[in-house]
Amino acid sequence: MVFNMKETTPIINIGNLTKKFKSVIGIDDISFVVHDGETLAIIGESGAGKTTLIRTMLGNLKATSGSAYIDGKDTSTDAIAIKEEVSYLPSEFSLFDLKYGSDFLKFIAKMDNSDKKIANELIKRFQLDINATPKRMSKGMKQKMALVSCFMKKSNIFILDEPSIGLDPLMREELHIVLKELKEKEKTIIFSSNDFEEIMLLADRVLILSKGKLVATIDINDLKLKNYHIFKFKILGTYDLHEFSNEIYEENDGYLTLCIEAKDISRFFNILSECNVIEFKVVPFNLESYIHRLLRGN
């Protein structure tokens, strides 16, 4: 399914949302909408505010200021109703001290609007050993338990905080398949991740957070159409690349890196021909390079 925002309406509205912890700002004046059936990814460095944003917009944390509405409900006053409607996967998943994993899933099923048939299918797909004791499960097994608990709920909105963390490559691929199936069913999905390949594969749009602020919002389809080129090179002696000064930066390995549009390539090579270049590389333009370019000025 190709997602088209013009054909949908916002199901999540976040307005000037701010959360402060005493003197520390977790998120600062963040606003965005998520459309019905859209898959939105949230990315940012460690401590950027991804988890704080998710927990605040769900009402798990009380906002310092601003507003968050999910399916028309105010998370500051209707958090319980929202929890019944939204399927949420936290970044830190706790398991009760029960004898078997199956006991835990039965307990969750009683609380949520879960589908037993879907649960059994997910158990097989994620190769989850439900006879294992939850407290003795490995990190990867606990994450699979979390995913089954999340996806077996009948919901139209899924909010996932780093869903692929702790998974081996095979299970990560299965997670991507499940999320693609939810997209095809036009479910609304928000997930945080620092896996650029995962985001390009699944997301329609990306929110970029840094130091608690919303730096940019990227439409994945627009990004795929951008005609940028990235060059890494080393130069001996002096050089004059001042007209590209806003686009060029030096890396720790001594390379200069430049991201330019296709229309400027000829002019760039004309200037570079007058420099003593000793090494030169062409780097594929992708989401990771684009975000690094944005964050350099933040």
Side-chain angles (χ1 to χ4, degrees), residues 5 9-36 38-83 86 88-93 157-165 188-196 198-200 202-220 222-223 246-247 249 259 287-298:
M5 285 192 294
T9 55
I11 194 168
I12 296 175
N13 288 270
I14 308 300
N16 307 110
L17 201 62
T18 297
K19 176 60 183 176
K20 296 180 180 179
F21 301 94
K22 294 183 179 180
S23 59
V24 178
I25 298 177
I27 53 172
D28 187 10
D29 196 32
I30 292 179
S31 299
F32 63 92
V33 299
V34 184
H35 292 260
D36 191 15
E38 181 180 14
T39 298
L40 180 78
I42 304 173
I43 194 169
E45 76 276 7
S46 178
K50 301 185 295 294
T51 295
T52 300
L53 172 59
I54 288 174
R55 293 180 66 192
T56 306
M57 63 184 279
L58 282 170
N60 294 345
L61 290 175
K62 185 178 179 181
T64 304
S65 60
S67 62
Y69 289 87
I70 297 180
D71 199 15
K73 300 178 181 66
D74 186 341
T75 60
S76 66
T77 57
D78 297 324
I80 294 177
I82 289 169
K83 287 179 175 64
V86 173
Y88 168 53
L89 176 73
S91 59
E92 296 181 3
F93 185 74
I157 303 172
F158 293 82
I159 299 180
L160 319 168
D161 197 352
E162 302 220 36
S164 60
I165 192 167
T188 302
I189 304 168
I190 298 178
F191 72 98
S192 67
S193 176
N194 280 328
D195 186 325
F196 295 101
E198 181 172 77
I199 291 172
M200 287 296 293
L202 298 170
D204 299 306
R205 283 190 302 141
V206 184
L207 298 185
I208 305 172
L209 300 187
S210 182
K211 302 173 185 175
K213 292 183 177 293
L214 177 57
V215 177
T217 303
I218 299 173
D219 187 301
I220 292 295
D222 289 346
L223 181 66
N246 293 329
E247 304 295 335
Y249 63 98
C259 178
L287 176 63
E288 182 175 7
S289 59
Y290 186 71
I291 288 178
H292 286 169
R293 179 171 174 258
L294 284 174
L295 294 181
R296 286 205 318 274
N298 188 53

Point to revise | Contacts of type side-chain hydrogen bond (donor to acceptor under 3.5 Å, both in side chains), residue Ser76, not counting sequence neighbours | key: Asp74
Practice item. Supply the atom-to-atom distance Phe191 CZ to Ile159 CD1, rounded to the nearest 0.5 angstrom. Key: 13.0 Å
Review point. Just wondering, do Phe196 and Ile43 contact through their side chains at under 4.5 Å, heavy atoms?
Key: yes
Exercise for review: Decide if atom OH of Tyr88 counts as having more than 12 heavy atoms of other residues, nucleotides or ligands within a radius under 6.0 Å.
Suggested key: yes
Check your understanding: Under 4.5 Å between any side-chain heavy atoms of Leu209 and Leu214, yes or no?
Key -> yes
Check your understanding: Quick one: does Leu58's side chain get under 4.5 Å of Ile70's, heavy atoms only?
Key -> yes
Exercise for review: Rounded to the nearest 0.5 Å, what's the gap from CD1 on Ile82 to OH on Tyr69? Could you check?
Suggested key: 10.0 Å
**Study point:** Sidechain-backbone polar pair: Lys73 side chain, Ala79 backbone, donor-acceptor under 3.5 Å
**Key:** no
Exercise for review: Begin from the C-alpha positions of Phe32 and Thr217 and carry the test side chain to side chain contact (heavy atoms under 4.5 Å, CB included) through to its verdict.
Suggested key: CA-CA 9 Å; Phe32 63 92; Thr217 303; 5.5 Å; no
**Study point:** Shortest non-hydrogen contact from Ser193 toward Glu198
**Key:** OG-OE1, 2.7 Å
Revision key, fill the gap. Per side chain to side chain contact (heavy atoms under 4.5 Å, CB included), Thr39 is matched among Ile220, Ile189, Ile199, Ile190 by Ile189
Revision key, fill the gap. side-chain hydrogen bond (donor to acceptor under 3.5 Å, both in side chains) filter on Asn194, not counting sequence neighbours, yields none
Study note, to complete from the structure: By side-chain hydrogen bond (donor to acceptor under 3.5 Å, both in side chains), Thr75 pairs with (sequence neighbours left out) none
Point to revise | Nearest heavy atoms of Ser192 and Pro163, plus distance in Å | key: O-CD, 3.5 Å
Check your understanding: Looking at OG1 of Thr52 and CE of Met57, how far apart are the two atoms once the value is rounded to the nearest 0.5 Å?
Key -> 13.0 Å
Review point. Between Lys19 and Ala63, which heavy-atom pair has the shortest distance, and what is it?
Key: CD-CA, 4.4 Å
Review point. For the side chain of Glu45 and the backbone of Lys211, is there at least one donor-acceptor N/O pair under 3.5 Å apart?
Key: yes
Exercise for review: Measure the spacing between CD of Glu38 and CG of Asp204 and express it to the nearest 0.5 Å.
Suggested key: 5.5 Å
Review point. Out of curiosity, Leu17 CG to Asp29 CG, how far, rounded to the nearest 0.5 Å?
Key: 9.0 Å
Check your understanding: Within the distance-only criterion (no hydrogens, no angle test), does the side chain of Ser210 pair as donor or acceptor with the backbone N or O of Ala48 below 3.5 angstrom?
Key -> no
Practice item. To the nearest 0.5 Å, tell me how far Ile54 CD1 sits from Ile27 CD1. Key: 10.5 Å
**Study point:** Test log, rule side chain to side chain contact (heavy atoms under 4.5 Å, CB included), inputs Ile42 and Asp161
**Key:** CA-CA 9 Å; Ile42 304 173; Asp161 197 352; over 6 Å; no
**Study point:** Reference residue Thr18; test side chain to side chain contact (heavy atoms under 4.5 Å, CB included); the match among Asp28, Ile30, Thr56
**Key:** Asp28
